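Report on the following structure.
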Amino acid sequence: MMNPNPAQFGGTFQQAAQQPKGCWGRNWKWLVPTGCLVLLIGVGAVVALIVFGVMSAVKSSEVYQGALRIVQSHPAAVERLGEPIKDGWFVTGNVNFQNESGNANLDIPLSGPKKSGRLVVQARYEGGEWLYEKLDLTPEGDKTISLLDRKLRGLADEDELDVEAPPPPASTSGQAVSGGVLDGKAVSKPQPTYPQIGKAVRAQGTVTVQVLVDEEGNVASAKAVSGHPLLQQAAVQAARQAKFAPTLLGGKPVKVSGVLTYNFVME
């Protein structure tokens, strides 16, 4: 039998001998980078899940939610950022809690209709509650303000308080009489409940509430005119429950305008 001559077949046998067998022979060089890519994606997914879990735990913590409520209701923050104020997702910092004690250091991104900003929070856990030592708000393009600052709390020195409120506009029943400070004239003056949000920032001081007492001795309207913003609502609610004996002028009962004061002192 004659042996075939490769030249007679145009090099067919030579090409067949050089061609790798199977797909692995053709694509082995792609296995390493593909494996690395899959590994990186897997590691990235695990890291993302860990970060997501940590941030979720921080954002749901009592100290975080308390700080968020304070900034959302603080007049100085609302004035600069607008309302409503919302928190962002990428929070930095940590919350440590162990054996009935703890501390927190947080940097919270915020946004509002007017502008965005950041809130730096420092707090410690003591006596069964979180006490805030630092609540610094930095609006975008503006200077940093402390939400615990005395001036921003609305606290004023005693000599700066206008304790005698001007009389309100005349009503159909006649002009109200200015009664000045009405604390000693109240038949009943319930004390306000110390709000938890006020305790959290250790808010203290005097809240002055302007009231209008009707002819029957009931408080017809009440409005806070000074005092810590986080304590004013509690004082107003208490003032609305106050009772007075009817004030007579010329033998006829009249309306009286004046102020009630409420002192909030941390125990």
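For clarity, every value in this text was computed on a predicted model and none was experimentally measured.
Shown here are the side chain to side chain contact (heavy atoms under 4.5 Å, CB included) partners of Q196, two or more places apart in sequence or in another chain: E129, K199. Scanning for side chain to side chain contact (heavy atoms under 4.5 Å, CB included) contacts around S221 gives L212, with sequence neighbours left out. Residues satisfying the side-chain hydrogen bond (donor to acceptor under 3.5 Å, both in side chains) criterion with D142, sequence neighbours excluded, are absent altogether. Residues satisfying the salt bridge (charged side-chain N to carboxylate O under 4.0 Å, His left out) criterion with K185, sequence neighbours excluded, are absent altogether. Scored by the salt bridge (charged side-chain N to carboxylate O under 4.0 Å, His left out) test, E133 finds R124 as partners (sequence neighbours excluded).
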Cut-off 3.5 Å, no hydrogens considered: what does the side-chain donor-acceptor table look like for residues 62-70, sequence neighbours left out?
{"from": "Y64", "atom 1": "OH", "to": "K59", "atom 2": "NZ", "distance (Å)": "3.3"}
{"from": "Y64", "atom 1": "OH", "to": "D87", "atom 2": "OD2", "distance (Å)": "2.6"}
{"from": "Q65", "atom 1": "NE2", "to": "K59", "atom 2": "O", "distance (Å)": "2.5"}

Return all side-chain donor-acceptor pairs below 3.5 angstrom for residues 235-253, not counting sequence neighbours, or 'none' if the list is empty.
{"from": "K243", "atom 1": "NZ", "to": "N218", "atom 2": "OD1", "distance (Å)": "3.1"}

Sequence neighbours left out, cut at 3.5 Å: what donor-acceptor pairs do the side chains of residues 108-123 make with other protein atoms?
{"from": "K114", "atom 1": "NZ", "to": "E79", "atom 2": "O", "distance (Å)": "2.8"}
{"from": "K115", "atom 1": "NZ", "to": "E140", "atom 2": "O", "distance (Å)": "3.3"}
{"from": "S116", "atom 1": "OG", "to": "E140", "atom 2": "OE1", "distance (Å)": "2.8"}
{"from": "R118", "atom 1": "NE", "to": "D107", "atom 2": "OD1", "distance (Å)": "2.7"}
{"from": "R118", "atom 1": "NH2", "to": "D107", "atom 2": "OD1", "distance (Å)": "3.2"}

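Taking 4.5 Å as the limit, every side-chain heavy atom of L137 sits out of range of all side-chain heavy atoms of T144. Side-chain atoms of H228 and Q204, non-hydrogen and from C-beta on, never get closer than 4.5 Å to each other. Side-chain atoms of L182 and V259, non-hydrogen and from C-beta on, never get closer than 4.5 Å to each other. Residues L147 and V71 have side chains in contact (heavy-atom distance under 4.5 Å, counting atoms from C-beta outward).
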Audit row: S73, I197, side-chain contact (heavy atoms from CB on, under 4.5 Å) steps and yes/no: CA-CA 10 Å; S73 62; I197 193 170; 4.1 Å; yes

side-chain contact (heavy atoms from CB on, under 4.5 Å) evaluation trace for F264 with V207: CA-CA 8 Å; F264 293 82; V207 177; 3.7 Å; yes

Working for side-chain contact (heavy atoms from CB on, under 4.5 Å), residues V209 and V225: CA-CA 6 Å; V209 181; V225 294; over 6 Å; no

Stepwise side-chain contact (heavy atoms from CB on, under 4.5 Å) check, L131 with R202: CA-CA 7 Å; L131 302 177; R202 306 190 69 83; 3.3 Å; yes

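Looking at N263 and T206, their side chains do bring a donor and an acceptor atom within 3.5 Å of each other.
One distance of note links OG1 of T92 with CG of N105; it measures 10.0 Å at 0.5 Å rounding. From T208, atom OG1 reaches atom OH of Y262 across 10.5 Å, with rounding to the nearest 0.5 Å. Note that CD of Q210 is 6.5 Å distant from OG of S257, once rounded to the nearest 0.5 Å.
Hydrophobic cluster membership differs between V187 and V213, with clusters built from Ile, Leu, Val, Met, Phe, Trp and Tyr side chains linked at under 4.5 angstrom.
The minimum heavy-atom distance linking V211 with A222 is given by the pair CG1-CB, 4.0 Å. Shortest non-hydrogen contact noted between K189 and A186 is CB-CB, 4.1 Å.
Q72 places a side-chain N or O within donor-acceptor distance of the main-chain N or O of I85, the cut-off being under 3.5 Å.
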